[in-house]
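Below is one structure, written out as structure tokens; the observations come after it.
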Amino acid sequence: MNNSQTNFRRGVRDGMPIALGYFAVAFTLGIAARNAGFSALQAMVESLANNASAGEYAVFSLVSAGAGYWEVAVMTLVANARYLLMSCSLSQKLAPETPLRHRMLVAFDVTDEIFGISIAFPGRLDPWYTYGAMAVAIPGWGLGTFFGAAAGSVLPLRLMSALSVGLYGMFLAIIVPPARESRVVRGLVLLSFAASFIAGRWALLAGVSSGVRTIFLTVAISLGAAVLFPIKDPEGAAERA
């Protein structure tokens, strides 16, 4: 078994908890899609093409309100804008000689959780690791939306909404281990929580969308961390030596 196959299987293994969490969360998306007039099949196709909970909620809400195509497109761009930053960061994790086709395929599913496990991959990121995670996470997201739309109003909405807690728990499982190992990471995580809380309740930012606030906070905190706590590159140092 070559290295790509090994990393693909490792990605499938690490992606299974993400897929299960996505399946549960996507149930609520399915209900929102049904309320907006989507069939179960249409909702699943939309989820397979747009793997982002905030972006999909925006789509379904705007469609339900009768918004036009340009309104839906712009709102989806704003809601998903933070993934542009994640993609830029993840591109630096790939080897410089990585072909464009691999970069484009990896970029298709840069979600919070897949970004988290991909950026934590030791050394240079093997695209096949991310493909393994995507191979189970994307179907989990699409199927969850399908069954949520099919269930419709059969299950209570409060019960379906409660399932979304699983996504936050999964994301905490990604950031807690490195935060326990590094005081710097732990401090930055706490700072991010506090800054996000304050920004969400600051009157001056009341008219700014959550997606734009996330971009500003990410850039500011990441830039400050890079300047104050730079990470040494042992691989680059070894090559220069």
Query raised in the report: Hey, any chance Phe229 and Val227 share a hydrophobic cluster, counting ILVMFWY side chains that come within less than 4.5 Å of each other, even indirectly?
Result: no

Query - Spatial distance of atom CD1 (Ile114) from atom CZ (Phe108) [nearest 0.5 Å] - result: 10.0 Å

Query - Non-hydrogen side-chain atoms of Val59 and Val63 separated by less than 4.5 Å - result: yes

Query - Heavy-atom side-chain contact between Met86 and Leu90 under 4.5 Å - result: no

Report task. Heavy atoms only: give me the nearest Met134-Leu105 pair and the separation to one decimal. Result -> CE-O, 3.5 Å

Report summary line: Heavy atoms of Val106 and Pro127 approach each other most closely as CG2-CB, 4.0 Å

Query raised in the report: Any side-chain hydrogen bond (donor to acceptor under 3.5 Å, both in side chains) pairs touching residues 83-108, not counting sequence neighbours?
Result: His102-Tyr131

**Report entry** Nearest-0.5 Å distance, CG of residue Asp112 to CG of residue Asn51
**Finding:** 11.5 Å

Query raised in the report: In the single-linkage hydrophobic clustering (I, L, V, M, F, W, Y; side-chain heavy atoms under 4.5 Å), do Ile138 and Leu20 co-cluster?
Result: no

Query raised in the report: Can you list the residues that meet the side-chain contact (heavy atoms from CB on, under 4.5 Å) rule with Ala195, with sequence neighbours excluded?
Result: Leu217, Ile221

Report task. Please examine the side chains of Ile18 and Ile117, heavy atoms only from C-beta on, and report whether any two atoms are closer than 4.5 Å. Result -> yes

Query raised in the report: Is the shortest heavy-atom distance from the side chain of Tyr22 to the side chain of Thr111 under 4.5 Å?
Result: yes

Query - Co-membership, hydrophobic cluster, residues Phe115 and Leu84, 4.5 Å side-chain - result: no

**Report entry** For Met104, the rest of its hydrophobic cluster, which grows through side-chain links under 4.5 angstrom
**Finding:** Leu100

Report summary line: Heavy-atom closest pair (Ala40 atom, Ala149 atom, distance to 0.1 Å) is CA-CB, 3.7 Å

**Report entry** Residues forming a side-chain contact (heavy atoms from CB on, under 4.5 Å) with Ala120, sequence neighbours excluded
**Finding:** none

Report summary line: Ser192 meets the side chain to side chain donor-acceptor pair (under 3.5 Å) criterion, sequence neighbours left out, with none

**Report entry** Inter- and intrachain pairs under ring pair (Phe, Tyr, Trp, His ring centres under 6.0 Å), touching residues 32-55, at least two apart
**Finding:** Phe38-Phe60

Report task. Check Ala135 against Phe8 and note the closest heavy-atom contact, atom names and distance. Result -> CB-CZ, 4.1 Å

Requested in this report: Taking Arg124 for its side chain and Ala95 for its backbone only, find out whether a donor-acceptor pair lies under 3.5 Å.
Outcome: no

Query raised in the report: Of all residues at least two apart in sequence or in a different chain, which pass the ring pair (Phe, Tyr, Trp, His ring centres under 6.0 Å) check with Phe23?
Result: Phe27

Requested in this report: Please identify each residue that fulfils side chain to side chain donor-acceptor pair (under 3.5 Å) with Ser118, with sequence neighbours left out.
Outcome: Thr130

**Report entry** side-chain contact (heavy atoms from CB on, under 4.5 Å) partners of Asp126, counting only residues at least two apart
**Finding:** Asn3, Ser4, Asn7, Phe121, Trp128

Query raised in the report: Tell me, do Thr145 and Glu46 make a side-chain contact under 4.5 Å, heavy atoms counted?
Result: no

Requested in this report: Kindly give the cluster partners of Leu190, where membership spreads through any ILVMFWY side chain lying under 4.5 Å from a current member.
Outcome: none

Query raised in the report: Less than 4.5 Å apart, any side-chain heavy atom of Leu29 and any of Trp141?
Result: yes

Query raised in the report: With sequence neighbours left out, what residues match Ala225 under side-chain contact (heavy atoms from CB on, under 4.5 Å)?
Result: Leu188

Query raised in the report: If every non-hydrogen atom of Ser39 is compared with every non-hydrogen atom of Gln42, which pair is closest and at what distance?
Result: N-OE1, 3.0 Å

Query raised in the report: Would Leu48 end up clustered with Leu143 when hydrophobic side chains under 4.5 Å apart are linked, directly or stepwise?
Result: yes

